[in-house]
Amino acid sequence: MYQFDISAGTKADLYRDLLAALDALTADETDPIANMANAAALVWEYLPDLNWAGFYRLVEGELVLGPFQGKVACIRIPVGKGVCGAAAATLKTQLVEDVHAFPGHIACDAASRSELVVPVTRNGTLIAVLDLDSPEPARFDAQDAAGCEALAVLLADRLG
């Protein structure tokens with residue numbers, strides 16, 4: 001059983017603690033699905049105001065649903081479509097304050113209002129995207145993006 005002391009301090013403290021916890025969870029595990037599952041559960045448990053947290057894996061040129069926490073989700077997303085597809089196509093983090101204003105947004109859950117999607121890459125090649133949705137508009141900011149990017153860097157070498 002894992003127990004983590006996740007700080008209730010600043011957002012920087014929270015992400016520092018999340019990174020340490022994710023490192024401990026994934027350090028000795030080689031299975032990418034197990035590592036994505038624990039990462040999704042950890043983020044879901046400790047980041048407030050989420051209604052979905054998980055991964056889409058790049059499989060044969062499209063994003064395929066991976067481990068997640070939240071309501072059922074879209075199973076396949078073409079690269080370049082929606083927020084996840086934009087992150088996959090550009091290899092750049094997508095921080096969207098209002099998903100309803102995002103051209104081509106894919107509404108897997110109509111309750112989602114804002115979204116943060118971070119590409120997980122190894123040697124410049126996309127492996128997956130980390131996708132966080134919130135029912136709160138403008139829930140995510142630059143600190144969330146930087147914190148989740150650090151999680152993605154740690155995971156990159158632990159996803160296969």
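None of these values were measured; they are calculated from a predicted model.
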Test log, rule side chain to side chain contact (heavy atoms under 4.5 Å, CB included), inputs C74 and Y56: CA-CA 10 Å; C74 302; Y56 281 91; 3.9 Å; yes

W44 side chain to G70 backbone, donor-acceptor under 3.5 Å: no

For K92, all residues meeting salt bridge (charged side-chain N to carboxylate O under 4.0 Å, His left out), sequence neighbours excluded: none

Side chains of L19 and R16 in contact at under 4.5 Å (non-hydrogen atoms): no

Minimum-distance pair of heavy atoms, taken over all atoms of A40 and G54: CB-CA, 4.1 Å

Steps toward side chain to side chain contact (heavy atoms under 4.5 Å, CB included) verdict (I127, L58): CA-CA 6 Å; I127 302 166; L58 185 66; over 6 Å; no

Derivation of the side chain to side chain contact (heavy atoms under 4.5 Å, CB included) call for L18 and E45: CA-CA 10 Å; L18 275 173; E45 184 173 356; over 6 Å; no

Closest non-hydrogen atom pair between F102 and A86, with its separation: CZ-CB, 4.0 Å

Candidate list V129, L95, V96, test side-chain contact (heavy atoms from CB on, under 4.5 Å), partner V83, passing option: V96

Donor-acceptor pair, side chain of N35 and main chain of E29, under 3.5 angstrom: yes

Donor on one side chain, acceptor on other, E149 and T93, under 3.5 Å: yes

Closest non-hydrogen atom pair between D131 and C84, with its separation: OD2-SG, 3.3 Å

Joint hydrophobic cluster, L91 plus I77, side-chain heavy atoms closer than 4.5 Å: yes

Sidechain N-carboxylate O distance under 4.0 Å for D23, R158: yes

N/O donor-acceptor pair under 3.5 Å between D141 side chain and Q143 backbone: yes

Nearest non-hydrogen partners of P119 and A87, listed with the distance: CG-O, 3.7 Å

Donor-acceptor pair between D144 and Y15 side chains, under 3.5 angstrom: yes

For L132 against A53, the heavy-atom pair lying closest together: CD2-CB, 3.6 Å

Verdict with supporting geometry, L159 and M36, side chain to side chain contact (heavy atoms under 4.5 Å, CB included): CA-CA 8 Å; L159 296 183; M36 282 187 271; 3.6 Å; yes

Same apolar cluster (I L V M F W Y, side chains within < 4.5 Å links), V64/V118: no

salt_bridge(D133, R113) N-O dist < 4.0 Å: no

With L63, the side-chain contact (heavy atoms from CB on, under 4.5 Å) member among I75, L126, V117: L126

Donor-acceptor contact present, side-chain T121 to main-chain G124, <3.5 Å: no

Audit row: E136, S114, side chain to side chain donor-acceptor pair (under 3.5 Å) steps and yes/no: CA-CA 6 Å; E136 303 295 322; S114 59; over 6 Å; no

Side-chain donor or acceptor of S134 paired with backbone N/O of L50 under 3.5 Å: no

N/O donor-acceptor pair under 3.5 Å between R139 side chain and P48 backbone: yes

Closest heavy-atom pair and its distance - I33, R57: CD1-CD, 3.8 Å

